[in-house]
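The structure appears right after this line, and notes come after that.
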Amino acid sequence: MSNKTFAIIKPDAVAKNVVGEIIAMIQKAGFKVLAMKYTRITKVQAGEFYSVHKERPFYGELVDYMTSGAIVPIALEKENAVEEFRKLIGATDPTKADEGTVRKLFGTGIEANAIHGSDSDENALNEIGFFFSKSEVVGNQ
Ligand code: UDP
Ligand code: MG
């Protein structure tokens, strides 16, 4: 089992100036940061990243939203990382997320829900590779 996961602090949270608070929550929960950057992506990149959702009605808006401002992609490590991180961020819809989760605290809607978290070990490794070259990830040198 992989001990890595991948996160993106999304444009709504970056615009709210809560990047530092979210990273503090992630670190306090015991995740080690392996790679991180403050960047923007193109519509082509966002479309590829979320290609699993391309038939869903929200896909076009999701691509527009993810390209509307800066994002912070982060590679993370912890035992049972994928599941532990999904617990930390909470349900997709912030109104349904548990108290104290990142999405409950910082999300503003089902689309602008502050943060992404990988849903499987396989996707975590693919998503880290989508944003970071191997040598940028701590431990991969
Ligand atoms: N999303 C949306 N409308 C929906 C469901 C999802 O805009 O009805 C967005 C939301 O930003 C979500 C992303 O699409 O985080 C990916 O959806 P997914 O079902 O994979 O949720 P997640 O894994 O992020 O909880
Ligand atoms: Mg998902």
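FYI, side chains are in, hydrogens and waters are out, and symmetry mates aren't considered; it's all heavy atoms of this structure. One is the number of the first residue; the rest follow in order along the sequence. In each ligand, atom 1 is the first atom listed, and ligand 1 is the first ligand listed.
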Exercise for the section: Quick one: do Thr92 and Asn113 satisfy side-chain contact (heavy atoms from CB on, under 4.5 Å)? Show the steps, please. Expected result: CA-CA 7 Å; Thr92 307; Asn113 59 3; 3.8 Å; yes
Practice task
May I ask you to test the Val72-Lys37 pair for a side-chain heavy-atom distance under 4.5 Å?
Solution key: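 A side-chain contact is absent here, since even the closest heavy-atom pair is not under 4.5 Å.
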Exercise for the section: Answer whether the closest heavy-atom distance between the side chains of Lys4 and Leu125 falls below 4.5 Å. Expected result: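 Lys4 reaches Leu125 side chain to side chain.
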Handout entry: Neighbouring residues of ligand 1, heavy-atom cut-off under 4.0 Å
Key =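 Those residues closer than 4.0 Å to ligand 1 by some heavy atom are Lys10, Tyr50, His53, Phe58, Leu62, Arg86, Thr92, Arg103, Ile110, Glu111, Asn113.
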Practice task
Return each pair, listed once, that meets ring pair (Phe, Tyr, Trp, His ring centres under 6.0 Å) where at least one residue sits in residues 115-141; pairs must be two or more places apart or across chains.
Solution key: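 Checked against ring pair (Phe, Tyr, Trp, His ring centres under 6.0 Å) - neighbours excluded - the pairs reaching residues 115-141 are Phe6-Phe131, Phe49-His116, Phe49-Phe130, Phe49-Phe131.
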Handout entry: Within residues 13-38 or reaching into it, pairs that qualify as ring pair (Phe, Tyr, Trp, His ring centres under 6.0 Å) - sequence neighbours excluded
Key =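 Residue pairs with at least one partner in residues 13-38: Phe31-Phe85.
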Handout entry: Partners meeting ring-ring contact (aromatic ring centres under 6.0 Å, His included) with Phe106 (sequence neighbours left out)
Key =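 ring-ring contact (aromatic ring centres under 6.0 Å, His included) list for Phe106, sorted by chain: empty.
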